[in-house]
There are 2 protein chains.
Amino acid sequence: MTRSTVTALRHDPVCDGTTGGVGPATPAESQGPCGQCDLGTLAFCDGFAARTISSLSRVQCTLRFEPHDTLFREGDQGLAVYSVVSGAVKVYKLMPDGRRQITGFFFRGDMFGFCLDGTYAYTAEAITPVGVCRLPMQRLGELAETAPEIQYRIVLRMTAKLAQFHDHVLLLGRKTARERVATFLLTLSDRARRRGDPPSPLSLPMGRADIADHIGLTVETVSRAMTWFKREGLLDLPSPSQVAIRQPEALRAIADGAG
Amino acid sequence: MTRSTVTALRHDPVCDGTTGGVGPATPAESQGPCGQCDLGTLAFCDGFAARTISSLSRVQCTLRFEPHDTLFREGDQGLAVYSVVSGAVKVYKLMPDGRRQITGFFFRGDMFGFCLDGTYAYTAEAITPVGVCRLPMQRLGELAETAPEIQYRIVLRMTAKLAQFHDHVLLLGRKTARERVATFLLTLSDRARRRGDPPSPLSLPMGRADIADHIGLTVETVSRAMTWFKREGLLDLPSPSQVAIRQPEALRAIADGAG
DNA sequence: GCCGTCTCTTGATCTGGATCAACGTATATC
DNA sequence: GATATACGTTGATCCAGATCAAGAGACGGC
């Protein structure tokens, strides 16, 4: 049996227009399509017709959470999907004895909370201070009828997520500890690049325990792998949460099974 | 490093209306909505408006494959999605050194082949003789504009698949060998029940190597787990491919971590 | 500045499942 | 019915990564 660390949590804000709204983007940031966030082309609604965007912005709701806040729990009524505006969110499932599997990390521009049969299959928790755009699922369904582009966008997002899952299942089912850590770092780096952030140095908002519970290892093994890579000159670790990738190609070779 | 068994394959039929069509359902079986298959309520197109169904049946194409036939390979142009009419399909990713991860099994009524950016992220191979309904993705996209119900149905299918992935990631990341095998058997049983087949006895169309490569174990460990369960009176194994679940609740307890 | 708490790292030891090695068992061929 | 070829089971041994244990930083509270 594998150990897995579970941490505490609390608090369940409501979307009522008065609690926790982040309000409009700060002046310094570029305005998003609907004027409610600064995601630019990363926004779910980017590129939609003006009419569609205004419909979305009428049902949308912007919220802020603090680290360890729970956005929703496994088994809760699945009422909304979320788009991350800022910060980082983790999503996990628990076993009765406390073993935990983090099934995903979500950053600026990522969406999560798609669910079937009305209940969430996992718990979502803020890692850092987080701003999210919340879209009520039911009203989204109604909008989808008049604006099929919304549903198509959802299909695209879900397809991308499915592809990620295939990769992650390969990682968990068949990769060694070194390969898992290398893959994890490269995946974060690649996602940073795609969202317009520098792919290195990488900042890890999650702790070693979160990484371990995501890639099916223990804290100790994750830590050791990082140290190996550092000693081998593949990484610099100015601090535990800062990773500079020195030799991306070598790390890629390891991640793909040639290390 | 984990061993994983790769088997051979070959053959790539084309959808040209003359090759491999299964033709209409046999007289004994209930006709499906579009008249091209006998999936009944399991069919993707079940419940659609007559107009939508006839549009679908014009772009649809029915195909048959033999065991070990490859439907498509990782990296191929992703031109179509597939719905299984009969038989079983496995979907997998390979690592350069031959390690293999089976990311899913698909049975009667299941759909697979959703892909992004035009290339499949995995290889699909027939386990048994297989009949599939093939829907060209591009034309599906065109249809979706006039019939949003198609896209909604796709969202439903993908949401269900995402939920399955969350469960499978938990299995691979945090469950013991016993728990994995118990979970696997119960999942197959549950899927059989949902599609209207008896949940027990269960017939396993895939071999032990396929099971192992799906749940991140070796053939030997899968075999041992089956033997343990048999000795403990949880299962009957009249033959390697036949599993009667004697004590579903006890097996469930094991699967959930209480065994 | 000092203390408590938490996270990360490093070392020593243990173990679940992988690996290695036969040996059954079933279907196919001739 | 003998032989070949998979596939599945069982046993013995090994090892990658878990577990156990102890420091080393980092950081907030007062």
Side-chain angles (χ1 to χ4, degrees), chain A residues 1-9 66-68 97-101 127-128 171-182 203-213 215-231 235 237-243 254 257 259, chain B residues 1-9 67-68 97-101 127-128 171-182 184 203-213 215-231 235 237-243 254 257 259:
Chain A
M1 172 140 356
T2 299
R3 192 179 54 182
S4 99
T5 313
V6 186
T7 50
L9 32 81
E66 292 306 311
H68 304 298
D97 63 3
R99 275 175 284 171
R100 183 180 67 154
Q101 177 65 38
I127 295 175
T128 62
L171 178 150
L172 290 171
R174 290 297 176 220
K175 290 191 179 182
T176 65
R178 277 172 70 85
E179 290 164 1
R180 292 180 196 210
V181 174
S203 83
L204 304 178
M206 71 294 286
R208 297 292 186 265
D210 283 350
I211 297 175
D213 281 350
I215 62 180
L217 299 173
T218 56
V219 178
E220 294 92 329
T221 303
V222 171
S223 181
R224 279 186 246 271
M226 296 282 220
T227 307
W228 297 333
F229 293 150
K230 180 182 175 176
R231 294 221 177 105
L235 302 177
L237 295 167
S239 85
S241 67
Q242 290 291 318
V243 180
I254 292 170
Chain B
M1 172 139 0
T2 298
R3 192 180 55 183
S4 101
T5 312
V6 187
T7 49
L9 32 82
H68 305 298
D97 62 4
R99 274 175 284 171
R100 183 181 69 154
Q101 176 65 37
I127 295 175
T128 63
L171 179 150
L172 291 171
R174 289 297 177 220
K175 289 192 179 182
T176 65
R178 276 173 70 85
E179 290 164 0
R180 291 180 196 210
V181 174
F184 174 72
S203 84
L204 303 179
M206 69 295 288
R208 298 291 186 266
D210 283 350
I211 298 175
D213 282 349
I215 62 181
L217 297 173
T218 56
V219 178
E220 293 94 328
T221 303
V222 170
S223 181
R224 279 186 245 271
M226 297 281 221
T227 308
W228 297 333
F229 293 151
K230 180 181 176 176
R231 295 222 176 105
L235 303 177
L237 296 167
S239 85
S241 67
Q242 291 291 318
V243 180
I254 291 170

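Throughout, protein chains are lettered first and strands after them, A, B, ... in sequence-line order, and every chain is numbered starting at 1.
Atom OG1 of residue A/T176 and atom CG of residue A/L171 lie 9.0 Å apart, to the nearest 0.5 angstrom. To the nearest 0.5 angstrom, A/I127 atom CD1 is 14.0 Å from A/E66 atom CD. Atom CD of A/E179 sits about 9.0 Å away from atom CD1 of A/I254, to the nearest 0.5 Å. Annotation: the span from A/L217 atom CG to A/R178 atom CZ amounts to 13.0 Å, rounded to 0.5 Å.
For B/S223, no side-chain nitrogen or oxygen approaches OP1 or OP2 of D/dG8 to under 4.0 Å. Within the 4.0 Å cut-off from OP1 or OP2 of D/dG17, not a single side-chain nitrogen or oxygen of A/T221 is found. Residue B/T227 places at least one side-chain N or O closer than 4.0 Å to OP1 or OP2 of D/dT10. Phosphate proximity of C/dT19 to B/T218: absent, as no side-chain N or O sits under 4.0 Å from OP1 or OP2.
For the pair B/R180 (side chain) and B/L172 (backbone), a donor-acceptor distance under 3.5 Å is present. Side-chain atoms of A/R174 never come within 3.5 Å of backbone atoms of B/R99 as a donor-acceptor pair (strictly under, hydrogens ignored). Here the side chain of B/Q242 pairs no donor or acceptor atom with the backbone of B/S239 at under 3.5 angstrom.
Take B/T128 and apply the side chain to side chain contact (heavy atoms under 4.5 Å, CB included) test, not counting sequence neighbours, and it matches B/A88, B/V130, B/P205. Partners of B/T221 under the side-chain hydrogen bond (donor to acceptor under 3.5 Å, both in side chains) rule, at least two apart in sequence or in another chain, are B/T218. Residues satisfying the side chain to side chain contact (heavy atoms under 4.5 Å, CB included) criterion with B/R208, sequence neighbours excluded, are B/L204, B/I211, B/V219, B/V222, B/M226, B/P240.
Using a 4.5 Å heavy-atom threshold, the side chains of B/K230 and B/V243 count as separate. Looking at heavy atoms from C-beta onward, B/V181 lies out of side-chain contact with B/K175 at the 4.5 angstrom threshold.
Taking the screw axis at each terminus of the helix from C/dG1-D/dC30 to C/dC30-D/dG1 from five consecutive base pairs, the angle between the two is 40° to within rounding of 10 degrees.
The separation between A/R208 atom CZ and D/dA24 atom P is 19 Å, rounded to whole Å. Between B/I215 atom CD1 and C/dA18 atom C1' the separation is 14 Å, expressed in whole Å. D/dA18 atom P lies 18 Å from atom NZ of B/K175, rounded to whole Å. Atom-to-atom, CG of B/L171 to P of C/dG17 comes out at 12 Å; the value is rounded to the nearest Å. The nearest whole Å value for the distance from the CD atom in B/E179 to the P atom in C/dG16 is 12 Å. Distance, B/R99 CZ to D/dA16 C1': 13 Å, rounded to whole Å. Residue B/L237 contributes atom CG, which lies 19 Å from atom P of D/dC7 at whole-angstrom precision. For A/D210 and C/dT7, the CG to P distance is 10 Å, given to the nearest whole Å.
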Nucleotide N/O of nucleotides 22-26 of chain C paired with protein N/O under 3.5 Å:
none

Output one line per pair: protein atom, nucleotide atom from nucleotides 12-15 of chain D, and distance, for all N/O pairs under 3.5 Å.
{"from": "D/dA12", "atom 1": "N6", "to": "B/R224", "atom 2": "NH2", "distance (Å)": "3.4"}

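Each of C/dG17, D/dA21, D/dT9 was ranked by its minimum atom distance to the side chain of B/L217; first place goes to C/dG17. Listed candidates were C/dT9, D/dT10, D/dC20. Nearest to the side chain of B/E220 is D/dT10. Here D/dG17 is the nucleotide among C/dT10, D/dG17, C/dG17 with the atom lying nearest to any side-chain atom of A/A177.
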